Every structure is written in C-alpha cells, then in structure tokens.
Amino acid sequence: MDNLEAQTYETFEKDTVKYAQYKKAVHAALLDRVPEEKASTTITVLMVVGAGRGPLVRASLQAAEESGRKLRVYAVEKNPNAVVTLHVSELLGSFGDNELSPECLDGAQRFLKEDGISIPSSYTSFIEPITASRLYNDVKSHKDIAHFETAYVVKLHSIARLAPPQPVFTFTHPNFSPKRDNRRYKKLLFELPADTGSALVHGFAGYFDATLYKDIHLGIEPSTATPNMFSWFAIFFPLRKPIYLPAGSVLDVHFWRCIGATKVWYEWSVTSPSVSPIHNCGGRSYWVGL
C-alpha cells in the first residue's frame, strides 16, 4: 500500500484539537490504571499503532508527564517482544473503518494484555441521504460505472441533508471474541420529513464518531462533531442514478462491509421507493488492499 507523503503528515500534525483529545484519553487511562501510591514504581507499556512521524507518541508522553505516571512507548508495531497495556491509534478514516482500523488493531491485539486498554475503544460509522447535484455531476463527467462505485472524501458544501444521520457499523477494541469477524451488513430506513417536499437523492454522506476512552470522544458526525478539528472530511457514496423521493416517503438503504483474501470494500444499494443496482459488487471498482 502507498505511504503518505510528508505534506499529508504535516497537515495531520497541525490538528491540535485531535491530539489534545488523544492526550486527554491517555491521561485518563493512566490515572485509572495506576493508583497514586504506585505511580513511582509502575511502568505502563503503550504501543502506538501507526505512529507516522510521532505526534501520538508525543501526546502520550505529555499525558504521562502531566499525570505523573511512568510510560514506556513502542512506536514500531513489528516488535515481537512487546507486551503492552495500552494501544493508541489514529488509523480512523472518514467512515471510521475505511482505512482498515479494525484489521490493524485486531492484528496488533496479540501484544495487548488481557486487561489492556485500546484507544480508541470503539467507533461507529454514520450515513445520511443527500441532494448533491454538483458532486453527482462531477462523478458523472467521468462517463463510467467505476466512478459511481467509488467513495470520495470531500468537504461538503451546496448540499441538502434529507434526513438525520443513522449509525451503520460499529467496531469495539479490544475484541477477544473467538469468532471475530469484521464483515458487516446494515439495512437503514430514512424517513423524509413531510415538510421537506419531494427530493432527489444523489448519494450518501458518511461520517464517524469514536469513543477514545470512557467519555472522551472524537468525530465528525454533524450532531456530535468535535469542534475546530480538520483532520477528516466527510465521505460520499454516490448513486449511479438519482432516486426520486416523494414528500413523506421512506428510503430503504443497504450497506455491506466485505472482506476478501487481499482487500476490503463496501457495497451499497437502495430498494425503496425504487430499486438501484448493488454498487461495487465484489469490490470491482473501489477497495482497500490488505
């Protein structure tokens, strides 16, 4: 898989709000794990999963200093000898799991103690139907199906939100289930408010909300979005043909998270009030490589 460019890292690292939330979560976890009377003798081992150029490492070390707790940090996940108490990761994508956070954290879980803590501890994706004629026409201009079966990270503007976002997929860490499976399916029903009038659905805007630790959260779902954070934009799942929604009607939407031997992909479709094709069957147009 491609490595991020230095300019991308620089952009991420300027998001001080995000790292402040991570520092707060690590600080709270350290205070919970190590009582005051053991602060000078207990060393907590923390692994940063996906360390990049080190901003999460710095945030974790600052949290340790401010909490008065001792911390040993592993920033390289490939160390086979590391047994850790805390996992900290910022592998979240605009849709929560679209950058393989579940697979990465599950893989690193073998280093985590049975009573270990994962930061984030859970995350949920959300979607909402939108009218977005400009986005739709941009996709249509490519004149092929593949672009209609691809999800796009975009800064949304000049759109109409037709119904409140609903949760789609949730992942929890650590996950010690013997039948761990990151495939998902969800059917969602969106009711168009009667006072909205009729509308065209061009696709779906996607977001995420993550619980870092206890009541400390991070996310871009509009109703709970973390203020002044810019590391993530929304994700847009287009429809090959816009769906006409009469006033007061119900939109039936189906979303899948699929996993193959070498890739992870999404499929999506509408079954009411009219039927759309299943988009991106078998990950033929859009996927993330394992």
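Worth saying up front: this structure is predicted, and the values here are computed from it rather than measured. Excluded from the calculations below are hydrogen atoms, water molecules and symmetry mates; all remaining heavy atoms, backbone and side chain alike, are included.
Among pairs with a residue in residues 226-243, those fulfilling salt bridge (charged side-chain N to carboxylate O under 4.0 Å, His left out) read Glu149-Arg240, at least two apart in sequence or across chains.
For the pair Arg257 (side chain) and Asp97 (backbone), a donor-acceptor distance under 3.5 Å is present. Between the side chain of Ser121 and the main chain of Thr211, a donor-acceptor pair closer than 3.5 Å is present. In this structure, Thr42 contributes its side chain and Ala39 its backbone to no donor-acceptor pair below 3.5 Å. Remark: side-chain polar atoms of Ser272 are not paired, donor with acceptor, to backbone N or O of Ser274 under 3.5 angstrom. No donor-acceptor pair closer than 3.5 Å links the side chain of Asp209 to the backbone N or O of Glu221. Between the side chain of Asn175 and the main chain of Phe171, no donor-acceptor pair closer than 3.5 Å is present. Remark: the backbone N or O of Thr41 is not paired with any side-chain donor or acceptor of Lys70 at under 3.5 angstrom. Side-chain atoms of Ser67 come within 3.5 Å of backbone atoms of Ala63 as a donor-acceptor pair (strictly under, hydrogens ignored). A donor-acceptor pair under 3.5 Å links the side-chain atoms of Gln21 to the main chain of His217, judged by distance alone. Proximity of a side-chain donor or acceptor of Arg184 to a complementary backbone N or O of Thr170 within less than 3.5 Å is detected.
Relative ring orientation between Tyr19 and Tyr22 is described as tilted, the plane-to-plane angle lying within the 30° to 60° band. Below 30°, between 30° and 60°, or above 60°: for His147 and His142 the angle between ring planes is below 30°, a parallel geometry.
Between Glu36 and Arg69 there is a salt bridge, since a side-chain N of the basic residue sits under 4.0 Å from a carboxylate O of the acidic one. For the pair Asp115 and Arg33, the salt-bridge criterion is met [side-chain N within less than 4.0 Å of a carboxylate O]. At a threshold of 4.0 Å, the pair Lys23-Glu66 counts as salt-bridged, since one of the basic side-chain nitrogens sits closer than that to a carboxylate oxygen.
Side-chain heavy-atom separations under 4.5 angstrom define the hydrophobic clusters, and the remaining members of the one that includes Val250 are Leu189.
Taking the six-membered ring where the residue is Trp, the centroids of Tyr266 and Phe95 are separated by under 6.0 Å.
By the 6.0 Å contact criterion, CG on Asn137 is enclosed, its count of non-hydrogen atoms from other residues, nucleotides or ligands being greater than 12. No more than 12 heavy-atom neighbours from other residues, nucleotides or ligands sit within 6.0 angstrom of NZ on Lys24. In this structure, Arg183 places its CZ atom where only 12 or fewer heavy-atom neighbours from other residues, nucleotides or ligands lie under 6.0 Å away. Residue-environment remark: CZ (Arg72) stays at or below the threshold of 12 foreign heavy atoms within 6.0 Å.
Leu200 has its side chain within reach of Tyr244: a pair of non-hydrogen atoms, C-beta onward, lies under 4.5 Å apart. For the pair Leu91 and Leu100, the minimum side-chain heavy-atom distance is 4.5 Å or more. For the pair His254/Thr271, a side-chain contact is recorded, criterion being any heavy-atom separation below 4.5 Å from C-beta on. Counting heavy atoms from C-beta on, the side chains of Glu103 and Asn182 come closer than 4.5 Å. Using a 4.5 Å heavy-atom threshold, the side chains of Leu192 and Leu251 count as separate.
Here OG1 of Thr150 is found 6.5 Å from CG of Asn280. Values are rounded to the nearest 0.5 Å. Note: Ser223 OG to Phe126 CZ = 7.0 Å, rounded to the nearest 0.5 Å. Separating the CG atom in Asp252 from the CG atom in Leu188 is a distance of 9.5 Å, to the nearest 0.5 Å. Expressed to the nearest 0.5 Å, how far CD1 of Ile119 lies from CD1 of Ile216 amounts to 7.5 Å. With rounding to the nearest 0.5 angstrom, the OH atom of Tyr207 is 16.0 Å from the CH2 atom of Trp232.
Cluster annotation: Ile43 is not connected to Tyr74 through the hydrophobic network of ILVMFWY side chains, with a link wherever side-chain heavy atoms come within less than 4.5 Å. Under the 4.5 Å side-chain heavy-atom criterion for grouping Ile, Leu, Val, Met, Phe, Trp and Tyr, Trp287 is not connected to Trp256 through any hydrophobic cluster.
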*Going through the checks in order, is the side chain to side chain contact (heavy atoms under 4.5 Å, CB included) test met by Val88 and Val49?*
CA-CA 6 Å; Val88 182; Val49 183; over 6 Å; no
*asked:* With side-chain hydrogen bond (donor to acceptor under 3.5 Å, both in side chains) as the criterion, how do Ser133 and His202 come out once you've worked through the C-alpha distance, each side chain's angles and the decisive distance to 0.1 Å?
replied: CA-CA 7 Å; Ser133 57; His202 292 108; 5.6 Å; no
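Side-chain N/O atoms of His279 and Tyr286 include no donor and acceptor closer than 3.5 Å. For the 3.5 Å distance criterion, the side chains of Ser122 and Thr172 fail to qualify, holding no donor opposite an acceptor.
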